[in-house]
Amino acid sequence: MGKAGSVGVGMDYSATSKLALRWAVDNLIEQGDRIVLIHVEPTTAATTSRKQLFENTGSPLIPLEELVETNVSKQYGLTNDPEVLDILDKVSKTKGAKAVAKVYWGDPREKLCDAVQDLKLDSLVVGSRGLGPIKRVLLGSVSIYVVTNASCPVTVVKGSHNHPNHKSSKKRSFK
């Protein structure tokens, strides 16, 4: 048995970020690993005392036990999403993984790369919205930036264009 790993998942509660979480749980998380949900709030979000307190460093790590409490989630601007909480609860029970969340404020591209360093992640998994070339140039692609600049391996999980809420329980073979 090797050293426990630490895997980050970019989470904005979209269908593709949930696919990324499922992919990470199915393919990367092993017995005793740590899985970190990384949520980035834009700086334009309402000013809160927590944001002001943790704007430069991000929030403290929020354990799964606290994440399930609605008032704790709201304090940090997290969505209390039953699907995400269920996935984390299952991986915690079946693989003994420690599930935590951390909130950052700012540009998601930069903050996800910062999180790799701050949290000493072994791997980062993000979803891709599948922007076309024009939108990607205008809006910027978080996944492309992170793949290019993160200091750890990054996996980009693409959503299905035909089924935005596609839920696959099968592992995909990438050829």
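Values in this document were obtained by computation on a predicted structure and should not be read as measured data. Position 1 is the first residue of the sequence, and the numbers go up from there.
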Colleague: Same cluster for V147 and Y145 if Ile/Leu/Val/Met/Phe/Trp/Tyr side chains link at under 4.5 Å?
Modeller: no
Colleague: Under the criterion side chain to side chain contact (heavy atoms under 4.5 Å, CB included), I'd like the reasoning laid out for I35 against L21: C-alpha separation, chi angles, the key distance, then a yes or no.
Modeller: CA-CA 9 Å; I35 184 165; L21 175 60; 3.6 Å; yes
Colleague: Just so I know, are the side chains of V103 and L78 near enough to count as touching, which here means a heavy-atom distance under 4.5 Å?
Modeller: yes
Colleague: Donor-acceptor pair, S73 side chain versus L67 backbone, under 3.5 Å?
Modeller: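 Judged by distance alone, yes, a pair lies under 3.5 Å.
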Colleague: Are the side chains of L85 and L64 in contact, using a 4.5 Å heavy-atom criterion?
Modeller: yes
Colleague: Would you call V100 and I62 a side-chain contact if the rule is heavy atoms closer than 4.5 Å?
Modeller: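 A side-chain contact is absent here, since even the closest heavy-atom pair is not under 4.5 Å.
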Colleague: A side-chain contact here means heavy atoms from C-beta on lying under 4.5 Å apart; do V9 and I38 qualify?
Modeller: no
Colleague: Within the 4.5 Å heavy-atom criterion, are L119 and R34 side-chain neighbours or not?
Modeller: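 L119 reaches R34 side chain to side chain.
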Colleague: Distance only, no hydrogens: is a donor on one side chain within 3.5 Å (strictly under) of an acceptor on the other, for D12 and S14?
Modeller: yes
Colleague: Once rounded to the nearest 0.5 Å, what's the spacing between atom CG of L37 and atom CG of L88?
Modeller: 5.0 Å
Colleague: Are the side chains of K158 and T16 in touch, meaning some heavy atoms are under 4.5 Å apart?
Modeller: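 No, side chains not in contact.
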Colleague: Could you check whether D107 pairs with K111 (Lys NZ or Arg NE/NH1/NH2 to Asp/Glu carboxylate O, under 4.0 Å)?
Modeller: no
Colleague: Please say which of V40, L112, V126 ends up in a side chain to side chain contact (heavy atoms under 4.5 Å, CB included) with V142.
Modeller: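 By the side chain to side chain contact (heavy atoms under 4.5 Å, CB included) criterion, V142 pairs with just one of V40, L112, V126: L112.
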Colleague: Are V154 and V125 close enough that some pair of their side-chain heavy atoms sits under 4.5 Å apart?
Modeller: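 No; the side chains remain at least 4.5 Å from each other.
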Colleague: State plainly whether the residues D33 and K98 are in salt-bridge range, i.e. N to O under 4.0 Å.
Modeller: no
